[in-house]
Amino acid sequence: MSVQKPSIPQGTRDFGPAVVARRNYIFGIIRRVFEKFGYAPLETPTLENLSVLTGKYGEEGDQLLFKVLNSGNFLKKQKGDVIKEEVTPDDLLAGPKKVLPKIAEKGLRYDLTVPFARYVVMNRGTLTFPFKRYQIQPVWRADRPQRGRYREFYQCDADVVGTDSLLCEAEIVLMMSEVLNALGLTEHTIKINHRRVLGAIYQALGGEGTETDLFTAIDKLDKIGREGVEKELAGRGFSEEATVRLFDLLGVAGGFEEKLERLLAGFVTAGVDADNATADGYKGLQDLKRVLDYLRDFGFDKFENLDFDVTLARGLSYYTGCIFEIKINNVNMGSVSGGGRYDNLTGAFGLPGVSGVGFSFGVDRLYDCLEELNLFPPDTATTTRCLVANFDEEGERAMLPVLRQLRETGISSELYPETGKLGRQFKYADAKGIPFVLLQGSEERAAAQFKLKTMSTGQEQTLTLAEVLAQLQA
RNA sequence: GUAGAUAUAGCUCAGCUGGUUAGAGCGUCGGAUUGUGAUUCCGAAGGUCGUGGGUUCGAGCCCCAUUAUUUACCCCA
């Protein structure tokens with residue numbers, strides 16, 4: 001067999017010990033906040049049936065799903081003596097859309113929200129509603145990797161289903177804010193908008209073009225600017241007059257409440273129908289006002305980080321109410337968190353009328369932000385607290401009971417597995433960031449003493465075992 | 001899917017207009033020190049120059065192809 005250079009798939013990464021330690025630091029903070037707000041943990045399988053995943057994320061999303069080839073001979077099926085061709089020449093001519101469902105029935109999960117909805121429907125009889133769950137697991141997207149974008153990455157979701165109370169939206173803002181501040185990412189903006197506000201804007205323009213064209217265009221405003229959006233809309237069949245009216249509405253400035261009032265006035269003059277269920281902007285504005293009131297009553301004090309952003313659209317097609325996104329202002333990175341309310345995601349699995357709302361942190365992007373801003377605490381790395389030096393065979397045997405006592409006292413420790421040069425052993429401790437080295441050569445052993453060296457200072461103390469244990473515990 | 005950039009030691013990168021034996025820093029290993037790391041000093045190992053072809057007396061350098069990586073677009077955590 002020829003030797004080959006080892007490699008890992010594009011967009012995936014190994015996490016070494018130091019990186020895992022720092023990732024766990026982030027996971028820990030998020031998990032603690034989720035649990036503090038009453039969310040319970042849930043895990044779902046890596047693989048889902050494609051029928052569960054497809055059609056939930058829009059056309060783009062479907063293309064980004066990783067599909068898993070059926071096991072066995074995926075071209076033929078055998079029942080008894082009858083062999084049936086799974087894929088016919090006609091299928092091949094018809095293209096991938098025709099062939100795919102016949103050779104792949106499973107896929108890697110694309111996010112945690114849809115599997116959650118699936119879980120809720122399958123377990124509706126046993127769950128107590130409103131059901132609050134959090135979930136920290138990897139997801140996969142067959143995207144082109146680039147800065148801050150991976151093909152395998154972790155999401156940390158918190159969702160509630162079975163209530164349409166806007167208290168949940170308000171609590172999402174509270175959780176977002178708490179996590180970011182705990183991580184030291186104080187320069188952030190929590191953006192909030194409402195799908196129905198967008199719907200009302202669409203209606204105010206006179207119903208030209210399609211809603212999705214409009215939404216994706218205005219979502220790009222901060223990226224391509226007003227001219228870019230005008231150009232894009234012109235190409236999608238929007239009149240100049242409509243575009244002007246759009247920017248009148250988008251241009252509303254001021255604080256959260258001011259924006260609400262000015263949009264309300266704008267919708268009234270544009271003649272947006274308040275009772276029109278498909279474009280009920282007034283409901284959207286009311287919802288946002290309600291969330292704001294909840295936050296005030298709770299005593300939320302980070303309003304400078306909360307922004308009602310009329311241009312926030314978000315691509316995932318299942319959102320129906322409030323939508324969220326978080327941007328870290330002093331790092332050039334896509335959003336580190338996103339979410340929103342979905343009124344009928346469980347409806348796709350046969351359980352209509354169950355509203356849910358939730359959001360997700362992208363740990364990998366948070367990690368990149370913390371690293372760029374140097375916000376990791378310095379001491380996340382090592383697990384071993386004490387290295388026991390190994391002089392010679394006799395010393396090795398003598399140190400084993402000591403090792404045991406260290407561990408029973410709760411001190412992470414290891415005996416260097418080979419006898420020999422102390423220089424090498426100290427180098428090992430240094431490279432691994434182990435703070436203490438315990439030595440007992442023949443001299444110390446004769447006196448029933450130990451030498452404890454503090455690596456950072458280089459100081460050594462001669463102590464009894466009891467003193468060593470006491471000192472290392474501190 | 002579209003467009004650009006890059007590929008030289010374990011890592012980060014030099015390498016002039018195409019010209020002798022391809023270099024540095026860091027890391028690794030050995031020694032100065034057979035009971036002491038990080039600091040200091042001395043030394044050593046480590047290269048099919050991504051792969052395949054072409055041009056040339058001669059290619060790490062020029063040309064073509066290919067693969068991988070990466071950035072941007074689309075979309076998203």
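The chains referred to below are lettered A, B, ... by the order of the sequence lines, with proteins before strands, and numbering in each begins at 1.
Nucleotide B:rG1 holds its P atom 12 Å from the CG atom of A:Leu64, rounded to whole Å. Distance, A:Leu366 CG to B:rA77 C1': 9 Å, rounded to whole Å. Rounded to whole Å, the distance from CD1 on A:Ile190 to C1' on B:rA77 is 16 Å. Taking atom CG on A:Asp430 and atom P on B:rG27, their separation rounds to 11 Å, with Å as the unit. Summarising the geometry, the separation between CD1 on A:Ile30 and C1' on B:rA77 is reported as 11 Å, rounded to the nearest angstrom. Spacing between atom CZ of A:Arg149 and atom P of B:rA72 amounts to 9 Å, rounded to whole angstrom units. A straight line from CG of A:Asp62 to P of B:rC75 spans 16 Å, rounded to a whole angstrom. Rounded to a whole Å, the CZ atom of A:Arg144 is 10 Å from the P atom of B:rA68.
Across all strands, A:Glu444 comes closer than 4.0 Å to base atoms (heavy-atom distances). At a threshold of 4.0 angstrom between heavy atoms, the contacts of A:Tyr428 with the nucleic acid are absent. Residue-level contact check: A:Gln425 touches neither bases nor backbone, having no heavy atom under 4.0 Å from any strand. Counting non-hydrogen atoms under 4.0 angstrom, A:Lys220 reaches the backbone sugars and phosphates but no base. A:Ser360 comes within 4.0 angstrom of nothing in the nucleic acid, heavy atoms only. Using a 4.0 Å heavy-atom distance criterion, A:Gly441 is classed as a base contact. Nucleic acid contact for A:Tyr154: none, since no nucleic acid atom lies under 4.0 Å from a heavy atom of the residue. Within the nucleic acid shown, A:Gly61 has no heavy atom closer than 4.0 Å to any nucleic acid atom.
Note on A:Arg226 versus A:Glu230: salt bridge recorded, some NZ/NE/NH1/NH2 to OD/OE distance being below 4.0 Å. Look at A:Asp364 and A:Arg13 and you find a salt bridge, because one of the NZ, NE, NH1 or NH2 atoms lies within 4.0 Å of a carboxylate O, short of that distance. A salt bridge does not link A:Lys67 with A:Glu105: every distance from a Lys NZ or Arg NE/NH1/NH2 to an Asp or Glu carboxylate oxygen is 4.0 Å or more.
Counted by atom type alone, A:Glu467 and A:Thr464 present one or more donor-acceptor pairs between their side chains at under 3.5 Å. Using a 3.5 Å distance cut-off with no hydrogens or angles, the side chains of A:Tyr416 and A:Glu396 do not pair a donor with an acceptor. With 3.5 Å as the limit, one finds no donor-acceptor pair spanning the side chains of A:Thr113 and A:Asp159. Using modelled atom types and a 3.5 Å distance limit, the side chains of A:Thr454 and A:Gln459 yield no donor-acceptor pair.
With B:rU71, B:rC75, B:rU69 as the choices, the nucleotide that has an atom nearest any side-chain atom of A:Thr216 turns out to be B:rC75. Counting only heavy atoms from C-beta on, A:Leu422 has its side chain closest to B:rU36 among B:rU36, B:rA77, B:rC74. Here B:rC76 is the nucleotide among B:rC76, B:rA72, B:rU36 with the atom lying nearest to any side-chain atom of A:Arg141. Distance from the side chain of A:Glu60 is smallest for B:rC74 among the nucleotides B:rC74, B:rG35, B:rA72.
In this structure, A:Lys421 does not reach the B:rG37 phosphate: none of its side-chain N or O atoms is under 4.0 Å from OP1 or OP2. Taking 4.0 angstrom as the limit, A:Gln146 places none of its side-chain polar atoms (N or O) nearer than this to OP1 or OP2 of B:rU70. One finds no side-chain N or O of A:Lys427 lying less than 4.0 angstrom from the OP1 or OP2 phosphate oxygen of B:rG27. Between B:rG30 and A:Arg424, a contact under 4.0 Å exists linking OP1 or OP2 to a side-chain N or O. The phosphate of B:rG1 has neither OP1 nor OP2 within less than 4.0 Å of any side-chain N or O from A:Gln63.
Cation-pi geometry between A:Arg341 and A:Tyr319 is not satisfied (NZ or CZ under 6.0 Å from the ring centre, within 45° of the ring normal). By the 6.0 Å and 45° rule, A:Arg23 stacks over the aromatic ring of A:Phe15. Under the 6.0 Å distance and 45° angle rule, A:Arg133 counts as a cation-pi partner of A:Phe116.
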(Q) Applying side chain to side chain donor-acceptor pair (under 3.5 Å) to A:Asp343 and A:Thr320, what does each step give before you reach the verdict? (A) CA-CA 6 Å; A:Asp343 279 329; A:Thr320 52; 3.1 Å; yes
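If you take atom P in B:rG15 and the same atom in B:rC41, they sit 28 Å apart, rounded to whole Å. Only the P atoms considered, B:rA22 is 13 Å distant from B:rG47, to the nearest whole Å. Look at the P atom in both B:rU71 and B:rG52: the space between them is 28 Å, to the nearest Å. Nucleotides B:rA7 and B:rC49 are separated by 14 Å at their P atoms, to the nearest Å. The same atom, C1', is picked in B:rG4 and in B:rU21; the two are 38 Å apart, to the nearest Å. Distance check on atom P: B:rU51 versus B:rA68 gives 15 Å, rounded to whole Å. B:rG43 and B:rU48: their P atoms are spaced 26 Å apart (whole Å). The gap from the C1' atom of B:rG18 to that of B:rC61 amounts to 7 Å, rounded to the nearest Å.
When each of A:Arg151 and A:Ile8 is assigned the nucleotide of RNA chain B bearing its nearest heavy atom, the one mapping closer to the 5' terminus is A:Ile8. Both A:Gly148 and A:Lys451 lie near RNA chain B, and the one whose nearest nucleotide falls closer to the 5' end is A:Lys451.
Both thresholds, 5.5 Å between centres and 30° between ring planes, are met by A:Phe153 relative to the base of B:rA77, so the two rings are stacked.
A stem is defined here as three or more consecutive Watson-Crick or G-U pairs, each with both distances under 3.5 Å; for RNA chain B these stems are B:1-7 with B:67-73, B:10-13 with B:23-26, B:28-32 with B:40-44, B:50-54 with B:62-66.
Within a heavy-atom distance below 4.0 Å of RNA chain B, the residues of residues 452-465 of chain A found are A:Lys453, A:Met455, A:Gly458, A:Glu460.
For B:rC76, the base has a donor-acceptor partner in the side chain of A:Arg365 [N/O atoms by modelled type, under 3.5 angstrom].
When ring centroids are compared, A:Phe27 and A:Tyr154 come within the 6.0 Å threshold.
Across A:Ala348 and A:Lys56, no two heavy atoms sit closer than the pair CB-CE, 3.8 Å.
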